[in-house]
Structures are given as structure tokens and as C-alpha cells.
Amino acid sequence: LNGTAVTSPEANDLEYLTPVTIGNVTFHLDFDTGSADLWVYSDELPTDEQTGHAVYATTDSKLLPGSSWEILYGDGSSAGGDVFADTVVVGGLTATMQAVEAAATLSAEFERDAHSDGLLGLAFSTLNMVKPQKQSTFFDNVKSQLDLPVIATSLKHGAPGTYDFGFIDENKYTGPLTYVDVDSSRGYWTFTADAYAFGDDQISTSLTGIADTGTTLILLPSDTVSRYYANVSGAQDSPLHGGYVFPCDSKLTPFTLVVAGNHSVTVPGELINYAPVGSVSNLCFGGIQAASGLVDINIFGDVFLKSQYVVFDAGSQGGPRLGFANQ
Ligand SMILES: COc1ccc(CN)cc1O
């Protein structure tokens, strides 16, 4: 059995939300290949923090005795609580004994997120934060039902896309799929590009990072980012806006990763114009920004992933790998 779930972008493609049924309640979760916990808003939160969200009714649920979770994300946000076992359905696929992590506390960043009802982690289960015993991700729990141990993402700019589980949909991409090995030793979908390029300016330095659907932007070392925006007239690193901004009518340079020898994976300049900083200024915020102190790895987030159909392959032909094709 395979499955497909439709995922829809929030404003400015800030995050993509996908319907997930837990018990008989449907939650809209942020699928995150950069973490490995499935957590939801719950009745253990302060009442005002539950408002506007689907809420997990822990009083009707099967507690995992003695288990708890606490997670800190790269953007400094955090969440925590206790753990239940429940039936979870995504795109027609069912995990009967899925660890569902009920949020009892949320940091301010999540309290401000009026739309997401939680996260569904799709990184490797070694990254799960439940104690005393790590729990398996939804993908690991349904993997044996799938034709192939793969998740394929088709995230789009300002339009609904899909998560395919168990199969690769040839109708969703053009040209070849180029595969690159993944190092899953830190629990992420980590890969290395042999080189990268800003437009025609190729830099023969390797770049290692993670494919992360749960991060909005592309986050790179600050010197690399500064070199990118040197090509953009009027660009400046603005403490007021928290990163590089430029005139909204700027023509932005494409960003290319060279993988698997000589295959180019290119993010068109248009996708690197992330969004206007506000309604009165003609400044736009860049889709490539410097990784913050908390994050010690480069992150190829949604701005990068939107240009590609990406196959997260857990081992259909040996080790884990990522496949890229233009969409
Ligand atoms: C505060 O919001 C979030 C923080 C972290 C993640 C995971 N990368 C997703 C979010 O929506």
C-alpha cells in the first residue's frame, strides 16, 4: 500500500501544513524532515494556547507511562510534554501504535503560529526526543507497508503540493532523478554537494547540509551568504529585518548545487526573493540567509526544495540517499 497527502503552504510559504487524522480528530501538521518527533497541541496546554487549534484529548488516550519529551529547534523554539499511543492516518496510510507526543508547554514562537497544530517528524528515528525510550517516526512505522522505503516531496511556491509515501510519481518531475548519498549518522538527511554556484560563478568548495522541509529558508555560512548578496545591487544585511534585504524588483542570481559529479540542482532567482518585509517598504527578505548560532549545519529548506521533486530514499537500493529532479 502507498499513500499521498496534499500539503498546503501558509502565507509566504512560511510552512506547509498537511492533514493528519489521530483517533477521530484531524490535525494540520508541519511535516519536518529535520526532526523526528510527532507532536500535537493538547488539552494539557494552558487553555488560551489551545484556542484556534485542533487539540489532542489526552484524557481519552492511552498514555505511555513514564515517557516524556522535550525538543529545541534550530530557530530557538521549543516544546515538551508527555506521550500517548494512538492510530495515525496520513494519505490513506495507517500506523496503529504511533507515539503521539502531547504538548504541555510551547515556546512563544509556536504560540504565535496560529495555524499549525504541531509537527510530524520525518528525519531518522535516532533523532527522536522521547525519554526514557526513543519512539519511531510515522515513516518508520508504515515503511513495511510501502512498495519502496521512500518519501517524495513536491513542495510548491504559493500552491498546494504533495508528500508521496512508498512510490515515485514520474508525472511530478521532468528529466532525470539525480541521487546523492546521505550520511544519516546525526539523524538528519545530510548530503554533500561537491561544489556550488551563484549564477555562472562556480565555487569549487564542497557544501554539506540537510534537506529540511521544516525550515523555511536556505541557511548557509555567513561568508557564503555575504558573497551571494554581493551580486545583488542594493542588498544589505539589515539587523532591523533580521537578515539580508534588497529592493523587491531586484533580479536575483540563481543558486546551484553541483551533486553526484556534474549534476546541477538549481534554485531560480525568483524563489530566492522570499517575501516583502512589510506593506509600506519596497524591500524584500532574502530566501538565502546565514545560519544562526544554534544551527551548526547548513540547511536546505523549503526555498531550496520548492524547485525540485525530492526523493527521501531510506534504502531502496542500499544506503539512504536523496534524489533530485526538476519540477
Ligand atoms: C516555531 O515554528 C517552528 C519551529 C521549528 C520547526 C522545525 N524546523 C518548525 C516550526 O514551525
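Position 1 is the first residue of the sequence, and the numbers go up from there. Indexing begins at 1, ligand by ligand and atom by atom, following the structure's order. Below, all heavy atoms of this structure are taken into account, side chains as well, without hydrogens, waters or symmetry copies.
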Could you list each nitrogen or oxygen of ligand 1 that sits under 3.5 Å from a protein nitrogen or oxygen, with the atom names and the distance?
{"residue": "ligand 1", "atom": "8 (N)", "partner": "G214", "partner atom": "O", "Å": "2.8"}
{"residue": "ligand 1", "atom": "11 (O)", "partner": "E15", "partner atom": "OE1", "Å": "3.0"}
{"residue": "ligand 1", "atom": "11 (O)", "partner": "D30", "partner atom": "OD2", "Å": "3.2"}

Tell me, do F167 and L148 make a side-chain contact under 4.5 Å, heavy atoms counted?
-> no
ILVMFWY cluster, Y163 and F312 together (side-chain gap under 4.5 Å) | yes
Determine whether the side chains of D32 and Y73 contain a donor N or O and an acceptor N or O closer than 3.5 Å.
-> no
Do T4 and D164 pass the side-chain hydrogen bond (donor to acceptor under 3.5 Å, both in side chains) test, and can you show the C-alpha distance, the side-chain angles, and the key distance before you say yes or no?
-> CA-CA 4 Å; T4 294; D164 292 326; 2.8 Å; yes
Do T174 and Y309 touch side chain to side chain, with heavy atoms closer than 4.5 Å?
-> no
Using the ring pair (Phe, Tyr, Trp, His ring centres under 6.0 Å) rule, take F324 and F191 through it: C-alpha gap first, then chi angles, then the decisive distance, then the call.
-> CA-CA 12 Å; F324 297 108; F191 70 101; 5.4 Å; yes
